[in-house]
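Residue numbers run from 1 in the order of the sequence given.
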Amino acid sequence: MCAQSPHTVKGRKPAASKGHRRKKETISLQRTAKRKAGSRSRKKVAGKWVFFKRWPSWIVWSGALLLGVGYVLFFYYFFVSPYSFRWKAIYGDPVYPEGFDVHGIDISHYQENIDWERLRNASLNSSPVSFVFIKATEGVTLLDDNFNLNFFKARQNDFVRGVYHFFVPNIDARAQALFFLKQVHLEPGDLPPVLDVEKIGDLTVPQLQKAVKTWLDIVEKEYGVKPIIYTGYRFKLSYLNSPQFDEYPYWIAHYYVEKLEYKGKWSFWQHTDCGKVTGIQGNVDCNIFNGTYEELKLLTIKEDILSVEDSL
């Protein structure tokens, strides 16, 4: 029989090492922390449940319903209402401003092959299509592919016709005016030439206004009439809201509204780009004239004016 170790006591386990004791203490502390956390969580949940149980169920459900209704109204006001007119124009029947009898359209190569015979007998809001604006030029190089044909057909089918130039702000305004005059030869009975201004490019507001005025002056000198300015409602207020432009007839683009917000004088209103007219496949821009048909004719270029200009 072997002798016992002096460090061993018969019937007892060896004493645990320091490392082992620290490990057991850590595990014990972790278990205690979990029990406390679970207790706090149960109390929190119970507290919430007690809070809701204080209120009758119909009040809770009414509050939830009001919250849902508020969300729907918020969504409609900010995300649906601003575009409802556009959706109606695209997917429903065309909507035309009330109180106007002289209607027209504006066209370019985007309308492709127009059936002029059918267009001649078309109507908008129970009124005949009385006038047609035609895109002619853009910048100093672009002549609309269908301009010459559309220009000829509009006169042949007895429409009051107008012609517009799309202004490119970063190209010399004088060069643009001369390019337009080279390509377009308006006749007596045509509407005054139109400058379509929609972009400011890299110009400052004073630079844009100076460039626009340069184009207008050159073309006015050629035809002896004030050209028409076409631009959007907000663009006009932001960039062309100057007294020097108030003397020009204004063709305003403002879509999907029941009435114009613009307070100044205006001659034409392009109220939609989703119009539907017999003789044209797809959508077309629709316009109204702010006056009678006789007043529209008074706005056109006169024979004596062109005769004077030709003699100079």
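Closest of all the heavy-atom pairs between Q176 and V168 is NE2-O, 2.7 Å. When all heavy atoms of L191 and L299 are compared, the pair lying nearest together is CD2-CD2, 4.2 Å. In plain terms, the two heavy atoms of L260 and W266 that are nearest each other are CD1-CE2, 3.4 Å. When all heavy atoms of L203 and P169 are compared, the pair lying nearest together is CD1-O, 3.2 Å. Of all heavy-atom pairs between G139 and I171, the closest is CA-CD1, 4.2 Å. When all heavy atoms are compared, the tightest approach of T204 to Q207 is N-OE1, 2.9 Å.
Between W269 and F289, the distance from one ring center to the other does not fall under 6.0 angstrom. Between Y255 and H271, the ring center distance fails the sub-6.0 Å criterion.
Heavy-atom contacts from other residues, nucleotides or ligands closer than 6.0 Å to CD of Q156 number more than 12. Q281 CD: 12 or fewer foreign heavy atoms inside a 6.0 Å radius. The environment of CD in E247 is crowded: more than 12 heavy-atom neighbours from other residues, nucleotides or ligands sit within 6.0 Å.
Cluster membership for F147 and W116, using ILVMFWY side-chain heavy atoms within less than 4.5 angstrom, is shared. No single ILVMFWY cluster, assembled from side-chain heavy atoms under 4.5 Å apart, contains both F179 and L186. Under the 4.5 Å side-chain heavy-atom criterion for ILVMFWY residues, a single connected hydrophobic cluster contains both F268 and Y256. With hydrophobic clusters built from ILVMFWY side chains whose heavy atoms lie under 4.5 angstrom apart, F133 does not share a cluster with L142. By the criterion of side-chain heavy atoms lying less than 4.5 angstrom apart, applied directly or through intervening Ile, Leu, Val, Met, Phe, Trp or Tyr residues, L149 is not grouped with V160; the two fall into different hydrophobic clusters.
By the side-chain hydrogen bond (donor to acceptor under 3.5 Å, both in side chains) test, K259 pairs with no residue at all, sequence neighbours left out. Here N150 pairs with nothing under the side-chain hydrogen bond (donor to acceptor under 3.5 Å, both in side chains) rule; sequence neighbours left out.
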TODO: Report the C-alpha distance between L124 and I105 in whole Å, list the side-chain angles of each, state the deciding distance to 0.1 Å, and finish with yes or no for side-chain contact (heavy atoms from CB on, under 4.5 Å).
DONE: CA-CA 10 Å; L124 292 168; I105 59 175; 4.1 Å; yes
Open item on the list: For a side-chain contact (heavy atoms from CB on, under 4.5 Å) check, start with the C-alpha distance between T137 and F166, then their side-chain angles and the critical distance, and finish with the verdict.
Closed with: CA-CA 6 Å; T137 53; F166 187 89; over 6 Å; no
TODO: Walk me through it: do Q270 and D106 pass the test side-chain contact (heavy atoms from CB on, under 4.5 Å)?
DONE: CA-CA 9 Å; Q270 186 184 78; D106 58 277; 2.9 Å; yes
- [ ] Go through the steps for I218 and R174 under the test side-chain contact (heavy atoms from CB on, under 4.5 Å), then give the verdict.
- [x] CA-CA 7 Å; I218 293 172; R174 177 179 176 82; 3.6 Å; yes
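Going from atom CD1 of I228 over to atom OG of S267 covers 6.5 Å, rounded to the nearest 0.5 Å. Rounded to the nearest 0.5 angstrom, F151 CZ and R161 CZ are separated by 3.5 Å. The CZ atom of F131 lies 8.0 Å from the CD1 atom of I288; values are rounded to the nearest 0.5 Å. Atom CD1 of residue I107 and atom CG of residue D144 lie 8.5 Å apart, to the nearest 0.5 angstrom. Distance CG/L208 to CZ/F167: 6.5 Å, rounded to 0.5 Å. Here the CG-OG distance, from D101 to S130, works out to 9.5 Å after rounding to the nearest 0.5 Å.
Checking each of Y262, F245, Y233 against Y250 for a ring-ring contact (aromatic ring centres under 6.0 Å, His included) leaves exactly one that passes, namely Y262.
Two residues are said to be in side-chain contact when any heavy atoms from C-beta on lie closer than 4.5 Å; I200 and V205 meet this criterion. Counting only heavy atoms from C-beta outward, the side chains of T272 and D285 never approach each other to under 4.5 Å. The closest side-chain heavy-atom distance from I229 to L216 is below 4.5 Å. Residues L298 and T300 are not in side-chain contact: their nearest non-hydrogen atoms beyond the backbone lie 4.5 Å or more apart. Inter-residue side-chain proximity for V225 and E220 is flagged as unmet; no heavy-atom pair is nearer than 4.5 Å. V163 is not listed as a side-chain neighbour of V194, based on a closest heavy-atom distance of 4.5 Å or more. Counting only heavy atoms from C-beta outward, the side chains of L119 and F159 approach each other to under 4.5 Å. By the 4.5 Å heavy-atom criterion applied to side chains, Y96 and S126 are not counted as neighbours.
N283 and D273 form no side-chain donor-acceptor contact under 3.5 Å, judged by distance and modelled atom types alone. Residues D196 and W251 bring no donor and acceptor atom of their side chains to less than 3.5 Å of each other.
K226 forms a cation-pi arrangement with Y248, by the criterion of a distance under 6.0 Å to the ring centre and an angle within 45° of the ring axis.
Side chain of Q209 to backbone of Y239: a donor-acceptor contact under 3.5 angstrom is found. Y223 places no side-chain N or O within 3.5 Å of a backbone atom of P193 that could act as its donor or acceptor partner.
Comment: D190 engages R155 in a salt bridge, judged by a side-chain N to carboxylate O separation of less than 4.0 angstrom. Between R120 and D158 there is a salt bridge, since a side-chain N of the basic residue sits under 4.0 Å from a carboxylate O of the acidic one. Ion pair D217/K213 flagged as a salt bridge, since at least one NZ, NE, NH1 or NH2 atom sits closer than 4.0 Å to an Asp/Glu carboxylate oxygen.
Sorted by first and then second residue, the ring pair (Phe, Tyr, Trp, His ring centres under 6.0 Å) pairs with a member in residues 186-222 read H165-W215, F180-W215; sequence neighbours excluded.
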